[in-house]
Amino acid sequence: MESLLNAHTALIEAAVRAAQSAGDLPAFTLPPVEIKPPNRPEMGDYAYAGALAVAKLAGMKPIDIAQTIAKHLPSAPFLAAVEVAMPGFINFRLDVTWLRAQVAEIINAGDNLGAVTLGKGKRAQVEFVSANPTGPLHIGRSRGAIVGDTMARLLQAAGYIVEREYYFNNAGMQMRHLGNSMRIRYLQALGLPVELPKEEGTFYQGEYLKEFAEQLAAEKGDSLKDAGWEVFKEYAEKKMFVMIRQTLERIHIQHDIFFNENSLYDDGSVSATLEALQERDLIYVASVRESESDEVKAQNAKTPPAQWFRSTRFGDSEDRVVLKSDGAATYTLPDIAYHMNKLGRGFDLLVNVLGSDHYTEHQVVKYGVQALGGEADRIHVILMQFVRLIREGKEVKMSTRRGDYETLDDLIDQTSPDAVRYMLLARNANSRLDFDLDLAVRQTTDNPVYYIQYAYVRCAGILREAEARSFTGEGADMSLLDEESLSFIRRVLTLGDEISHSVLNFEPHRIAFYAHELASAFHTLYDRLRVFGDGIDEDVAAARLHFYRAAQTAFRRVLGLMGMSTPDRM
RNA sequence: GUGCUUGUAGCUCAGUGGAUAGAGCAUUUGUCUACGGAACAAAGGGCCGGGGGUUCGAAUCCCUCCAAGCACACCA
């Protein structure tokens with residue numbers, strides 16, 4: 001099924017061309033055509049306001065331009081009427097017969113309903129979650145998980161071939177602390193005396209480590225009591241990844257690739273990246289930034305020198321250290337190498353889902369990619385504002401290390417996978433999200449997610465009833481379908497445009513609102529349009545049954561795009 | 001202090017250049033006992049943070065002020 005927006009756009013463009021070659025309109029370049037549904041349905045199904053915008057360009061009155069365009073509009077099977085309204089709007093009305101025929105089209109489209117060709121033949125990658133394996137996923141991460149996965153689903157619906165990637169670092173100090181913490185828990189599990197580390201922030205106190213330690217003690221006895229932290233880190237890391245993946249699977253998320261930052265060191269990418277920057281004269285060795293005054297330079301003359309990336313050449317506010325004075329790389333270098341690696345894998349589009357605290361980091365990475373001649377504009381970021389947990393009206397503080405935070409698993413246990421997905425999706429990424437735990441628990445009967453799924457359930461109920469009556473509604477005369485049902489069909493037909501818009505603007509939250517609107521339109525109808533009952537003609541029943549089949553198709557598709565389940569009963 | 005983000009109904013939020021600014025919750029009032037009511041209908045509730053500007057037209061773009069969140073390391 002084609003996009004009605006695109007179809008109307010094509011009509012306008014054709015009409016303007018025709019009018020211009022006929023001399024009815026002067027020659028001018030038409031700005032991009034934007035078609036929108038008017039906010040009042042009685043005005044029509046779609047509207048074009050461009051005649052107002054080009055009035056100056058054409059040197060004519062908007063209303064005259066609109067009328068001229070309308071006169072030259074080619075006919076189309078989906079169009080019933082075109083009306084021109086003051087001060088220069090062109091309103092389109094869909095053809096009712098055509099709309100009725102769409103019921104069958106929707107059913108046939110099935111899980112491809114609303115698919116568009118925006119990304120046809122292109123490859124996209126979405127990188128999300130990307131938590132280091134130091135603990136279970138907490139709620140802060142889960143927002144990005146949902147948004148990233150939904151983005152991936154929408155990209156697929158838009159025709160992209162999509163890969164989901166998880167980037168992680170299992171080296172570094174935090175992992176060492178994890179190993180040490182695990183070792184302590186292991187010794188405790190054996191009943192051996194141990195001293196807890198005194199230094200702040202070096203000990204992971206979460207319950208999960210105790211569990212891992214008990215398992216390890218059960219498996220290995222006391223054979224590891226003299227082993228170093230590395231063994232424990234390996235064990236904990238492996239367990240942690242199993243745990244993380246299980247959690248993600250509960251909310252229907254699966255990554256195709258787990259990419260280890262370390263591999264970029266192992267295959268020489270990191271050092272190659274540094275060399276490439278050096279070759280371009282974008283690296284300098286100094287104790288402080290070269291932009292500092294001589295005075296500052298003199299003061300810091302004894303500071304061991306580091307290697308700096310001239311990111312200011314690309315618009316950064318200051319240069320960044322890429323190699324510390326001790327010879328170790330900062331995060332910047334492997335991150336640039338990673339993004340060059342991703343671009344090198346031939347993706348047309350890279351989407352990174354990041355917390356808003358990573359904004360600066362991401363900028364620097366982009367400068368680095370630019371510096372190396374990579375196509376930085378293929379990289380898009382969805383920057384997520386934080387999730388704030390509210391319990392009893394107060395903010396709950398989260399900390400991975402103390403272990404007193406809400407995990408995603410807890411949240412799923414308290415609500416449901418579907419509720420978690422919906423609630424974390426139904427908000428613009430750049431707004432902060434307050435997740436009221438009490439509300440989430442209490443709201444299980446009240447949550448919009450159930451409202452949407454209930455629409456699907458109701459369809460399923462009707463189809464069950466039809467089956468019980470052995471009624472198939474074959475050969476239905478769709479002209480018996482009333483006007484109200486058709487307005488639901490109209491809404492279904494905008495799904496493709498919704499998908500395009502979400503993908504072009506990287507706004508997966510839109511589908512959540514669309515789903516709710518669609519459910520609302522559905523419930524209204526359901527109340528009035530029974531399929532079976534006294535006084536309902538069999539022909540009418542047949543038409544309505546088809547309609548509800550189409551509705552069910554639409555809800556299955558929309559729920560699928562949001563990664564939510566489609567229960568036949570609730 | 002600098003950069004990014006946010007400010008829309010009592011609350012939580014959609015809407016980013018078009019016609020009379022929307023939804024859910026809450027409040028008030030009805031429908032109805034169904035192909036499962038986790039439903040439907042109706043009402044009230046808004047100087048779209050303040051001020052200025054651009055435009056035929058601004059919640060939407062620009063400037064400025066106010067308020068909130070995040071980031072500003074030789075941490076990752």
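Numbered from 1 within each chain, the chains take letters A, B, ... in sequence-line order.
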Consider only side-chain N and O atoms of A/Asn428 and A/Ser431, and report whether a donor and an acceptor are under 3.5 Å apart.
no
Ignoring the backbone of A/Thr330, work out which of B/C75, B/G15, B/A19 is nearest its side chain.
B/C75
Verify the contact: side-chain N or O of A/Thr524 to OP1 or OP2 of B/A41, cut-off strictly under 4.0 Å; return yes or no.
yes
From CD of A/Gln385 over to P of B/U6, roughly how many Å is that when rounded to an integer?
8 Å
Below 30° counts as parallel, above 60° as perpendicular, anything between as tilted: where do the rings of A/Phe522 and A/Tyr548 land?
perpendicular
Under 4.0 Å, heavy atoms only, any strand: does A/Pro304 hit a base, just the sugar-phosphate, or nothing?
base
Out of B/G18, B/A19, B/G36, minimum distance to the side chain of A/Ala47 belongs to B/A19
With a cut-off of less than 4.0 Å, is there a side-chain N or O of A/Asn430 near OP1 or OP2 of B/U6?
yes
Nearest to the side chain of A/Glu34 - B/A76, B/C4, B/G17?
B/G17
Would you classify A/Ser317 as touching base, sugar-phosphate or nothing, given that sugar-phosphate means primed atoms plus P, OP1 and OP2, and contacts are heavy atoms under 4.0 Å?
nothing
Does A/Arg427 reach a base, just sugar-phosphate, or nothing at all? Heavy atoms under 4.0 Å.
sugar-phosphate
Side-chain N or O of A/Lys324 less than 4.0 angstrom from OP1 or OP2 on B/C75?
yes
For A/Ala466, report the nucleic acid contact type (base, sugar-phosphate, nothing); a contact means any heavy atom under 4.0 Å.
nothing
From the candidates B/G18, B/G37, B/C40, the one with an atom nearest any side-chain atom of A/Asp527 is B/C40
I'd like to know if the side chain of A/Asn170 pairs up with that of A/Glu237 as donor and acceptor (distance under 3.5 Å, no hydrogens or angles considered).
yes
Interatomic distance, A/Asp568 CG vs B/A38 C1' [rounded to whole Å]
16 Å
In whole Å, what is the span from the CZ atom of A/Phe309 to the P atom of B/A73?
18 Å
Length of the line joining A/Asn39:CG and B/A14:P, which is rounded to integer Å
20 Å
Under 4.0 Å, heavy atoms only, any strand: does A/Ala468 hit a base, just the sugar-phosphate, or nothing?
nothing
Hey, can you pull the donor-acceptor pairs under 3.5 Å for the side chains in residues 45-58 of chain A, sequence neighbours left out?
unit_1, atom_1, unit_2, atom_2, d
A/Asp45, OD1, A/Arg490, NE, 2.6
A/Asp45, OD2, A/Leu94, N, 2.7
A/Asp45, OD2, A/Arg490, NE, 3.3

Looking at B/A23, B/C70, B/C72, which one has an atom nearest to any side-chain atom of A/His516?
B/A23
Any base atoms under 4.0 Å from A/Tyr359, or only sugar-phosphate, or nothing? Heavy atoms, all strands.
sugar-phosphate
Applying a 4.0 Å non-hydrogen cut-off, can you work out what A/Ile452 is touching in the nucleic acid: base, sugar-phosphate, or nothing?
nothing
Phosphate contact (B/G57 OP1 or OP2) by A/Lys56 side-chain N/O below 4.0 Å:
no
Give me the ring orientation class for A/Tyr367 and A/Phe314: parallel if the planes are under 30° apart, tilted from 30 to 60°, perpendicular past 60°.
parallel
Side chain of A/Tyr548, heavy atoms from C-beta onward: which of B/C72, B/C35, B/G36 has the nearest atom to it?
B/C35
Using a 4.0 Å heavy-atom cut-off, does A/Asp335 contact any base of the nucleic acid, only the sugar-phosphate backbone, or nothing at all?
nothing
Any N or O donor-acceptor pair linking the side chain of A/Ser325 to the base of B/C74 at under 3.5 Å?
yes
Can you find a side chain N or O atom of A/Ser130 that sits less than 4.0 Å from OP1 or OP2 on B/A76?
no
Do any side-chain nitrogens or oxygens of A/Tyr454 fall under 4.0 Å of OP1 or OP2 in B/G37?
yes
Do A/Glu165 and A/Lys342 sit within salt-bridge range, that is, some charged N less than 4.0 Å from a carboxylate O?
no
Students often get this wrong, so: under 4.0 angstrom with heavy atoms, is A/Tyr331 touching a base, only sugar-phosphate, or nothing?
base
Grab the CG-P distance between A/Asn260 and B/A76 for me, whole Å please.
16 Å
On the nucleotide B/C70, are OP1 or OP2 found under 4.0 Å from the side-chain N or O atoms that A/Arg388 carries?
no
Kindly point out which of B/U55, B/A76, B/C40 is positioned nearest to the side chain of A/Tyr451?
B/C40
Would you say A/His509 reaches B/G15's phosphate, i.e. side-chain N/O to OP1/OP2 under 4.0 Å?
yes
Quick check for you: among B/C40, B/A38, B/G36, whose closest atom lies nearest to any side-chain atom of A/Tyr526?
B/G36
Closest nucleotide among B/A34, B/G37, B/A76 to the A/Arg530 side chain
B/A34
If only side-chain N and O atoms of A/Arg40 are considered, is one of them under 4.0 Å from the OP1 or OP2 phosphate oxygen of B/A19?
no
Nearest to the side chain of A/Asn428, heavy atoms from C-beta on, is which of B/A14, B/C40, B/A68?
B/A14
Round to a whole Å and report the spacing from CD1 of A/Ile90 to P of B/G18.
16 Å
When we call it a touch if two heavy atoms are under 4.0 Å apart, what does A/Phe89 touch: a base, just sugar-phosphate, or nothing?
base
Rounding to an integer number of Å, can you tell me how far A/Arg469 CZ sits from B/C35 P?
8 Å
Measure CG/A/Asn505 against P/B/A14 and give the value in whole Å, please.
14 Å
Determine whether the side chains of A/His523 and A/Asp527 contain a donor N or O and an acceptor N or O closer than 3.5 Å.
no
Polar side-chain contact A/Asn91-B/A19 base: donor and acceptor under 3.5 Å
yes
In terms of relative ring orientation, are A/Tyr338 and A/Phe259 parallel, tilted or perpendicular, with 30° and 60° separating the classes?
tilted
So what does A/Phe386 touch, heavy atoms closer than 4.0 Å: a base, only the sugar-phosphate, or nothing?
sugar-phosphate
